[in-house]
Amino acid sequence: MEIRLIKTFQTIVKLGNFQRAAEALQYSQPTVTIQIKKLEEELGVKLFERGKTIKLTTAGRLFYERADSLLREYDDLNVALVDFVQGDAGLVRFGASEPSASNRVPEILASFTRQKTKVQTKVSIGTTRELMNMLLEDRIDLALCNQPEPHLELEFHPLLKETFKLIVPDDHPLARRDDIRLKDLKDEKFLFTPGSCAFRIRIEEMITKQIGKLRQSSIEVAGITALKYYVQSKLGIALAPVVAIAPPVPGVVVKDVADLLEGPSLGILTRRNAASMSRISRELVEEIKRFYSETAS
């Protein structure tokens, strides 16, 4: 059903006859008559009782009642599509791994959604491997995560190298030391994230290289943002990325370790075919890049 036919029908009803409707729409009267005939054929009902004056049939009254809402929806759809094409509306599906999902993404989205008030955003949180699979299955449009293993269909855009710090309870002997090295931690009870975590892998690499085997058993904590609370409860010490430590909690001291290596890369993960991304998703990528360039400066 053509929208112009519905508009012609509405104009006839509002103006009271075919002639005035034709003048208002800048059509000839025969054109208006043909359009209404076509509309009636499509609907399978008569809309007007013809005579000296036009009168709506019962079906015509029903159609007229629904026509307004139909045209409003059509106009709203046109506006939404224009906004989408211009990058002012739409849905962006954003994936993020911890600790960025808790400590960085809210600030990024706060800035982005202030500029894009019509944009809907869906945030998914997972490990780097889970986010890779979400991208490959078209469940998210982009992800903020650590560098994954290479994949032919995915592209990683690095933003920064994570920085590690040591966190200890405030009554721990290391809390009062200024010069700390990895070898000084060999007798400590460590708190670790799971073995598949990029941070855990990097930390174990440093420990193996500088310390060898730890003398105490460790405790594994699934959430990296929770580590500081376990340190607060004096369950052990932890090496953690700075972003996971902020904001600091009472009872925990953050210390530098002189011989720590850089942490894993953090960046934006997308499908390799960037043309498949919506304009709004590409603009979010630029917003993330801007956020990190300002943070670095």
Quick check for you: to the nearest 0.5 Å, what is the distance between [X] atom [atom1] and [Y] atom [atom2]?
X	Y	atom1	atom2	answer
Leu62	Thr58	CG	OG1	9.0 Å
Leu91	Ser278	CG	OG	8.5 Å
Leu266	Ile268	CG	CD1	8.5 Å
Ile6	Gln35	CD1	CD	11.5 Å
Ile288	Leu159	CD1	CG	7.5 Å
Ser97	Leu144	OG	CG	6.5 Å

Would you please test Ile280 and Phe112 for side chain to side chain contact (heavy atoms under 4.5 Å, CB included) and show each step? CA-CA 10 Å; Ile280 195 65; Phe112 184 68; 3.8 Å; yes
Between [X] and [Y], which heavy-atom pair has the shortest distance, and what is it?
X	Y	result
Gln232	Pro250	NE2-O, 2.8 Å
Ile224	Pro241	CD1-CD, 3.6 Å
Leu269	Pro148	CD1-CG, 3.8 Å
Leu25	Thr11	CD2-OG1, 3.8 Å
Ala240	Ile245	O-CD1, 3.7 Å
Pro194	Val221	CD-O, 3.4 Å

Does the side chain to side chain contact (heavy atoms under 4.5 Å, CB included) test come out yes or no for His172 and Glu188, once each step is laid out? CA-CA 11 Å; His172 193 287; Glu188 300 297 331; 2.8 Å; yes
Residue pair [X] / [Y], side-chain heavy-atom distance below 4.5 Å:
X	Y	answer
Leu239	Phe199	no
Arg271	Met277	no
Tyr64	Gln10	yes
Leu154	Leu136	yes
Gln147	Pro158	no
Phe156	Thr128	no
Lys228	Pro247	yes
Ser281	Val92	yes

Under 3.5 Å, which donor-acceptor pairs link side chains of residues 256-263 to any protein atom two or more places apart or in another chain?
residue, atom, partner, partner atom, Å
Asp256, OD1, Lys165, NZ, 2.2
Asp259, OD1, Leu182, N, 3.0

Is it the case that the side chain of [X] and the backbone of [Y] share a donor-acceptor pair, with hydrogens and angles ignored and the cut-off at 3.5 Å?
X	Y	result
Gln115	Ser111	yes
Lys189	Ser217	yes
Asp170	Val252	no
Gln216	Asp187	yes

Quick check on side chain to side chain contact (heavy atoms under 4.5 Å, CB included): which of Ile237, Leu166, Leu191, Val253 does Val231 satisfy it with?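 Single pass found, and it is Leu191.
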Taking [Y] as the starting point, is it possible to reach [X] by hopping between hydrophobic residues whose side chains are less than 4.5 Å apart?
X	Y	result
Val119	Leu284	yes
Val13	Ile3	yes
Leu109	Ile140	no
Val249	Leu235	yes
Leu135	Phe94	no

In chain order, what residues pass the side-chain contact (heavy atoms from CB on, under 4.5 Å) check against [X], with sequence neighbours excluded?
X	answer
Lys209	none
Glu137	Asn133, Arg139
Glu149	Arg129, Met132

[X] atom [atom1], over 12 foreign heavy atoms within 6.0 Å:
X	atom1	result
Tyr229	OH	no
Tyr230	OH	no
Glu107	CD	no

If you look only at pairs with a residue in residues 6-34, which of them pass as a ring-ring contact (aromatic ring centres under 6.0 Å, His included), with sequence neighbours excluded?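 Sorted pair list: Phe9-Phe48, Phe9-Phe63, Phe18-Phe48.
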After noting the C-alpha distance and the side-chain angles of Arg61 and Glu65, does the key distance pass the salt bridge (charged side-chain N to carboxylate O under 4.0 Å, His left out) rule? CA-CA 6 Å; Arg61 285 195 297 273; Glu65 288 170 4; over 6 Å; no
So, [X] and [Y], do they make that salt bridge, N to O below 4.0 Å?
X	Y	value
Glu294	Arg290	yes
Arg200	Glu204	yes
Asp171	Lys234	yes

Is there a side chain to side chain contact (heavy atoms under 4.5 Å, CB included) between Lys255 and Leu174 once you walk through the steps? CA-CA 8 Å; Lys255 305 293 292 185; Leu174 291 171; 5.7 Å; no
Salt bridge (Lys or Arg N to Asp or Glu O under 4.0 Å) pairs, two or more places apart, involving residues 22-38: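 Pairs touching residues 22-38 that pass the test: Glu2-Lys38.
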Can Glu287 and Ile108 be said to form a side chain to side chain contact (heavy atoms under 4.5 Å, CB included), step by step? CA-CA 7 Å; Glu287 177 66 22; Ile108 292 169; 4.2 Å; yes
